[in-house]
Amino acid sequence: MNIIFFGSDDFAEAHLKSLFDGGHKVVACVTQPDRPKDRGLKMVVSPIKELALAHHIAVLQPASLKENKEIIAELKAFKPDVFIVVSYGQLLPKEILELPYFGAFNVHPSLLPKYRGAAPINWALINGETQTGVTVIRLNISLDAGDIIKQKAMPIDPEDNAVTLREKLIDLGNEQLKETLKAIDDGMVRLTTQDATKATKAPKLTKEFGKIDWNSSAVDIHNKVRGLQPWPCAYTYYQEKLFKILTSEVIPALNPNHKPGEVLEISKNGILVQTAKEAILIKSVHLENANPMDAHSFTVGHKLQPGFQF
RNA sequence: CGCGGGAUAGAGCAGCCAGGUAGCUCGUCAGGCUCAUAACCUGAAGGUCAACGGUUCAAAUCCGUUUCCCGCAA
């Protein structure tokens, strides 16, 4: 079975790696073009490209797939049976979806039809979901709306943040991908249409979204802290400087005669801050121009006192 | 070479310009005092001054190179 893999980030990389490890016949990889990125605008090579080249497999890096006849011809030449698409970053147009004999399949880290879009893991945490999962779908032309082939749920641990949850979902995704390929091999694929009325969206995150509104509840803020790792992070400002909250905990506050955003208590455990509902304990922080540190160290150095208003 | 900030004890910083014993505030630990402590008193631990090279009798400090970290931007 000739597989062409589409992907661009480390989530995709883990799946490609497991295809190699599983002995599958990956004949080519499609990934995003190398782009200048980060400080100094260094050229960043997609991890997919490196992995593919290490396995001596062709790498295609089209800027766009839309009306790109060259790419269609190139893909066709590999005589693909399936496309595996994992966080590729672009929609595949109809004429490309039609190329592989069995179709194009996508591993998506949410329980579709919930959380269609670019940041499903983050949004599940932001919304305080207690479970999530991985869904394998057969791609059609709309975003994450194809028929479901495999789906498996898993609980979200209250301690999970977007980084740890992502790792768990990579494992689950690999498992589901393996089963999907086996089902295709065995001719045992069963498709289930998504219930479009239950669809929700998980759009790309923005920097602005990470800004904390102290007039929201402690639970909401805590979920932002968990869900916005490692970027953009839930943040506020301290002396005009960006102040990211890395870890936190919701503390039931019994007597909130304080304004939201007010520091209630400083202790070794961290900084206790009033919110609109209950209080939140800030446990570790990351101030602009400094290394991340636990909240206690921060309060000692900055002489933060109860009564301070964020 | 996209723009800018930074690295000195666990944290926050001073010292650098003008070279001469590694300092301050806080935290930590131990002891004391106290009905009591985020108070007070006494003491202790904790450093490759990011790294390498140069200048010098002498470098945290002056000169050069490198590494790492942070914000913006994408």
Side-chain angles (χ1 to χ4, degrees), chain A residues 6-13 30-50 61-66 87-91 117-119 121-122 161-163 166 202-213 221 224-225 227-249 251 253-258 261-274 279-310:
Chain A
F6 291 65
S8 57
D9 64 5
D10 58 307
F11 191 89
E13 181 194 14
V30 183
T31 189
Q32 301 290 334
D34 301 342
R35 291 205 177 94
K37 219 182 149 186
D38 297 326
R39 293 181 199 107
L41 296 183
K42 286 171 280 199
M43 283 302 272
V44 171
V45 175
S46 146
I48 297 295
K49 182 177 179 179
E50 289 189 27
Q61 296 181 283
S64 170
L65 296 175
K66 280 182 194 167
S87 57
Y88 173 57
Q90 280 188 46
L91 285 176
I121 302 170
N122 306 89
N161 63 35
V163 174
R166 184 183 170 89
K204 205 160 80 173
L205 301 172
T206 63
K207 172 79 190 267
E208 177 58 25
F209 183 72
K211 189 169 180 181
I212 290 172
D213 175 8
I221 294 172
K224 261 194 183 182
V225 170
L228 298 182
Q229 298 281 351
W231 184 90
C233 285
Y235 63 89
T236 184
Y237 289 91
Y238 176 81
Q239 293 175 350
E240 315 272 314
K241 282 186 181 172
L242 192 67
F243 181 82
K244 291 179 179 174
I245 297 175
L246 300 181
T247 55
S248 61
E249 187 181 334
I251 304 291
L254 301 175
N255 182 23
N257 283 331
H258 298 274
E262 183 179 339
V263 174
L264 300 176
E265 191 183 313
I266 303 291
S267 72
K268 282 188 184 178
N269 296 327
I271 307 165
L272 191 65
V273 182
Q274 180 65 44
I280 190 162
L281 180 67
I282 300 171
K283 293 160 88 169
S284 63
V285 303
H286 189 172
L287 186 69
E288 178 178 333
N289 265 329
N291 288 318
M293 69 183 82
D294 62 90
H296 182 239
S297 295
F298 176 84
T299 57
V300 165
H302 288 270
K303 302 188 189 350
L304 192 66
Q305 295 294 324
F308 179 84
Q309 190 73 34
F310 275 113

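In what follows, chains carry the letters A, B, and so on, assigned in the order in which the sequence lines appear, proteins first and then strands, with residues in each chain numbered from 1. Just so it is clear, the model here is predicted, and its values are computed rather than measured.
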In whole angstrom, give the distance that lies between atom [atom1] of [X] and atom [atom2] of [N].
| X | N | atom1 | atom2 | value |
| --- | --- | --- | --- | --- |
| A/His296 | B/G12 | NE2 | C1' | 13 Å |
| A/Met293 | B/G6 | CE | P | 16 Å |
| A/Leu242 | B/G71 | CG | P | 7 Å |
| A/His286 | B/A11 | NE2 | C1' | 14 Å |
| A/Arg39 | B/A73 | CZ | C1' | 11 Å |
| A/Lys204 | B/A74 | NZ | P | 11 Å |
| A/Asp38 | B/G4 | CG | P | 18 Å |
| A/Asp294 | B/G12 | CG | P | 11 Å |

Pick base, sugar-phosphate or nothing for A/Asn289, based on heavy-atom distances below 4.0 Å to the nucleic acid. base
By the 4.0 Å heavy-atom rule, please label A/Pro306 as base, sugar-phosphate, or nothing. base
To the side chain of [X], which of [options] is closest?
| X | options | value |
| --- | --- | --- |
| A/Trp231 | B/A74, B/C69, B/C26 | B/A74 |
| A/Lys303 | B/U25, B/G5, B/G71 | B/U25 |
| A/Glu288 | B/C26, B/C70, B/A74 | B/C70 |

Looking at A/Tyr235 versus A/His286, is the centre-to-centre ring distance below 6.0 Å? no
Centres of the A/Phe310 and A/Tyr237 rings: under 6.0 Å? no
May I ask which nucleotide in the shown strands pairs with [N], Watson-Crick or G-U wobble, both distances under 3.5 Å?
| N | answer |
| --- | --- |
| B/A60 | none |
| B/C49 | none |
| B/U55 | none |
| B/C29 | B/G43 |
| B/G4 | B/C70 |
| B/C13 | B/G23 |

Centre of A/Phe209's six-membered ring, under 6.0 Å away, within 45 degrees of the axis: is that where NZ or CZ of A/Lys204 sits? no
Identify, between A/Asn291 and A/Glu265, the residue whose nearest nucleotide on RNA chain B lies closer to the 5' end. A/Glu265
Comparing A/Leu41 and A/Lys268 on RNA chain B - which has the more 5′ nearest nucleotide: A/Leu41
Mind checking whether A/Tyr238 and A/Phe308 have parallel, tilted or perpendicular rings, split at 30° and 60°? tilted
Which heavy atom of A/Gln90 sits nearest to which heavy atom of A/Pro62, and what is that distance? NE2-O, 4.1 Å
Inter-nucleotide [atom1] distance ([N], [M]), Å rounded:
| N | M | atom1 | answer |
| --- | --- | --- | --- |
| B/U25 | B/U67 | C1' | 31 Å |
| B/C17 | B/G12 | P | 24 Å |
| B/C49 | B/A22 | C1' | 8 Å |
| B/U66 | B/A73 | C1' | 26 Å |
| B/C24 | B/A60 | C1' | 16 Å |
| B/A59 | B/A45 | P | 26 Å |
| B/C69 | B/G31 | P | 41 Å |
| B/U28 | B/A11 | P | 15 Å |

Yes or no on salt bridge (Lys or Arg N to Asp or Glu O under 4.0 Å) for A/Lys49 and A/Asp34, after CA distance, side-chain angles and deciding distance? CA-CA 9 Å; A/Lys49 182 177 179 179; A/Asp34 301 342; 2.9 Å; yes
Report yes if a side-chain nitrogen or oxygen of A/Lys244 is closer than 4.0 Å to either non-bridging phosphate oxygen (OP1 or OP2) of B/G71; otherwise report no. yes
What verdict does the side chain to side chain donor-acceptor pair (under 3.5 Å) test give for A/Ser284 and A/Thr247, after you've listed the backbone C-alpha separation in whole Å, the side-chain angles of each residue and the deciding distance to 0.1 Å? CA-CA 5 Å; A/Ser284 63; A/Thr247 55; 2.6 Å; yes
